[in-house]
Amino acid sequence: MDVSEVGALAARIRSEIGKAVVGQDGAVNLLLTALFAGGHVLLEGPPGTAKTLLAQSFARSVALDYGRIQFTPDLMPGDVIGANLFNFQTSTFSLTRGPVFCELLLADEINRTPPKTQAALLEAMQERHVTIDGKSHPLSPRFTVVATQNPIEQQGTYPLPEAQLDRFLFKHVFDYPSAQQERAIIVGHGSRTGQMDPKSFGVEAVAERAAIDAAIETVAKVRLNDEVVGYIVDLVRATRESTDIETGASPRAGAMLAVASRARAALDGRDYVIPDDVKSLAAPALRHRLILSAAAEIEGRKVDHVLSGLVERVAAPR
C-alpha cells in the first residue's frame, strides 16, 4: 500500500462515520491518526456531543473488536482486566477475561472511577498485555483505548494521574457544533427513538484488517528528516523551559508526536513529514501532558494558550 491508498482508505472511513456523526471532523482525523500510529485517544467534552457514538461508529467502520467499560466509583480493577475465579464443579481456577480483551476499548467517563481502578489500564495501554495473578496475558497488537470524560461536572470524579495521561497519544477537546451542523443533527436524529447505535444509521465495515495492517506498515516508512526531528525536540524541550509551565512534556511525548506526524503525512498523501504536520498535532499531543505553573494559573492562563505561544516562538525548519 502506498500513501495515496492510505488517504483513500481514510476517506472511506470518514464517509462511513459521517452516516452517524455530524461534524466532529477534528476528532475523526485524530482517531484515524491514532489508528495508524498505534496510539490512544482521550476525548473531553460536554454531554451529548457524540463522543460515545463516534467511538462506536469508528470501531464498526474499521471492523475492530469493540469493548466498553462504563466507569463508576465502585468499579474494581478485576472488572477491567478480569480475574481467576474458582470453579466449584472442577475445583480449579479459570480465567474470566475482562472487557479489556478487545481491539478498541471505550473507557466511558474514565475519570469517574478511583485511581486504583484507573491504574488497571496502565500496563495494557503501554505494553498491550495484562498481568493477572503473576501471569502475563497478551492483548491484541491493535489494542486501542478511546476514553471520554466530562469537563463540566466535577462532583464524584477523580482526575487522571499524569502517568496515565502521558500514555494517551492525543487529547481532543470537543466543542458544540455549528448552527448548521446542529440543524442537521436535529433533522437526522430528532425523528429516531430507541438506541442510537451505528448499525441503525447504516454504518458498515469499509476496512479489512489486512488493509489496516498495510496502512500501518506504510506509515512506518514515511520519511522524517533531521530538520523536522530537531523541530520536534526543540518544541518538546521548550515546554520544560517555559516559566508558565511547571511540568513539561516527556521524551515519550516527542517520540509519539513523531509517529503521529508520520501518520498525518500519510493521511495527506505524502511519504514525508513537513513542519506543518507537527504544528497541527502539537496541541492534541501535548495539552494533556503539561502542568501550568502557579503564577500562570493565578493569572487565569490556559494550557492551550500557553502551548500555542510556544509553537509560534519555536522556529520551524523551512
Hphob cluster co-occupancy, L35 + V259, side-chain heavy atoms under 4.5 angstrom:
no
Is any side-chain heavy atom of D213 closer than 4.5 Å to one of R142?
yes
With T96, which residues qualify under side chain to side chain contact (heavy atoms under 4.5 Å, CB included), at least two apart?
L85
Just by modelled atom types, is the S178 backbone N or O under 3.5 Å from a matching donor or acceptor in the Q181 side chain?
yes
For side-chain contact (heavy atoms from CB on, under 4.5 Å), just list the numbers for F36 and V6, CA-CA rounded to whole Å, side-chain angles, deciding distance to a tenth of an Å, and then say yes or no.
CA-CA 9 Å; F36 298 140; V6 174; 4.1 Å; yes
Side chain proximity check, T218 to D2, heavy atoms < 4.5 angstrom:
no
Of all heavy-atom pairs between S140 and C102, which one has the smallest distance, and what is that distance?
CB-O, 4.0 Å
Under 4.5 Å between any side-chain heavy atoms of H172 and F170, yes or no?
no
Heavy-atom donor-acceptor pair, T239 side chain to V236 backbone, under 3.5 Å
yes
The criterion is side chain to side chain contact (heavy atoms under 4.5 Å, CB included); which residues satisfy it with P275, sequence neighbours excluded?
V228, Y231, A316, P317
Under 4.5 Å between side-chain heavy atoms, hopping through other hydrophobics if needed: is there a path connecting V229 to I274?
no
Within the distance-only criterion (no hydrogens, no angle test), does the side chain of S280 pair as donor or acceptor with the backbone N or O of D276 below 3.5 angstrom?
yes
To the closest 0.5 Å, what do you measure between CZ (R237) and CD1 (I232)?
14.5 Å
ILVMFWY clustering at 4.5 Å (side-chain atoms), partners of I69
L42, F71, L75, V80, I81, L95, V100, F101, L105, I110, L121, M125, V130, I132, L139, F143, V145, L160, L165, F168
Set out, in order, the CA-CA distance, both residues' side-chain angles and the distance that settles side-chain contact (heavy atoms from CB on, under 4.5 Å) for Y66 and Q56, then state yes or no.
CA-CA 8 Å; Y66 172 76; Q56 293 172 331; 3.2 Å; yes
Checking side-chain contact (heavy atoms from CB on, under 4.5 Å) for the pair Y272/L224: CA distance, chi angles, key distance, verdict?
CA-CA 6 Å; Y272 56 90; L224 185 68; over 6 Å; no
D277 and D268: CA distance, side-chain angles, deciding distance, side-chain contact (heavy atoms from CB on, under 4.5 Å) verdict:
CA-CA 9 Å; D277 295 323; D268 286 346; 4.1 Å; yes
Short N-O contact, R167 and E127, less than 4.0 angstrom
no
Tell me which pairs pass salt bridge (charged side-chain N to carboxylate O under 4.0 Å, His left out) where either residue lies in residues 59-72, with sequence neighbours left out.
R60-E204, R68-D108
Indicate if L53 and V173 have the same hydrophobic cluster label, given that clusters are the connected sets of ILVMFWY residues with side-chain heavy-atom separations under 4.5 angstrom.
no
Check: P46 main-chain N/O paired with K51 side-chain donor or acceptor under 3.5 Å:
yes
Any ion pair linking R223 and D271 (charged N to carboxylate O, less than 4.0 Å)?
yes
For R289, is there an ion pair with D166 - N to carboxylate O distance below 4.0 angstrom?
yes
Value rounded to 0.5 Å, distance of CG in L281 from CG in L286:
9.5 Å
Return the NZ to CZ distance between K171 and R287, rounded to the nearest 0.5 Å.
7.0 Å
So do the side chains of R262 and R270 get within less than 4.5 Å of each other, counting heavy atoms only?
no
What's the spacing between R209 CZ and L64 CG if we round to 0.5 Å?
7.0 Å
So, E109 side chain and A147 main chain: donor-acceptor pair closer than 3.5 Å or not?
no
Verify, without hydrogens or angle tests, whether S261 (side chain) and L257 (backbone) share a donor-acceptor contact under 3.5 angstrom.
yes
Supply the atom-to-atom distance T148 OG1 to L43 CG, rounded to the nearest 0.5 angstrom.
7.0 Å
Of all heavy-atom pairs between L290 and A249, which one has the smallest distance, and what is that distance?
CD2-N, 3.5 Å
Which pairs pass side chain to side chain donor-acceptor pair (under 3.5 Å) with one or both residues in residues 21-40, sequence neighbours excluded?
R14-N29
Nearest-0.5 Å distance that lies between atom CD1 in I17 and atom CG in L31
6.5 Å
Are the side chains of Q164 and L122 in contact, using a 4.5 Å heavy-atom criterion?
yes
Any side-chain heavy atom of E5 sitting closer than 4.5 Å to one from L9?
no
Side chains of Q118 and R112, donor plus acceptor under 3.5 Å:
no
How about I212 and V62: do any of their side-chain heavy atoms sit closer than 4.5 Å?
yes
Heavy-atom side-chain contact between S136 and H129 under 4.5 Å
yes
Is the side chain of T247 donor-acceptor paired with the backbone N or O of I291 at a distance under 3.5 Å, no angle test?
no
Residue pair E16, S57: steps toward the side-chain hydrogen bond (donor to acceptor under 3.5 Å, both in side chains) verdict
CA-CA 8 Å; E16 206 66 20; S57 302; over 6 Å; no
Specify the closest pair of heavy atoms between T144 and G39, including all atoms of both residues, with the distance to one decimal.
CG2-O, 3.3 Å
For E208, does the CD atom sit with more than 12 other heavy atoms under 6.0 Å from it, leaving out its own atoms?
no
Only pairs under 3.5 Å count here: list side-chain donor-acceptor contacts from residues 307-315, not counting sequence neighbours, and write none if there are none.
residue	atom	partner	partner atom	Å
S308	OG	D304	O	3.2
S308	OG	H305	O	2.8

Mark yes when over 12 heavy atoms from residues, nucleotides or ligands other than R240 sit less than 6.0 Å from its CZ; otherwise mark no.
yes
Counting only N and O atoms by type, is there a donor-acceptor contact under 3.5 Å from the side chain of T52 to the main-chain atoms of A50?
no
Exercise: identify the closest heavy-atom pair between A55 and V146
CB-CG1, 4.0 Å
Can you establish whether the number of heavy atoms outside E299 located under 6.0 Å from its atom CD is more than 12?
yes
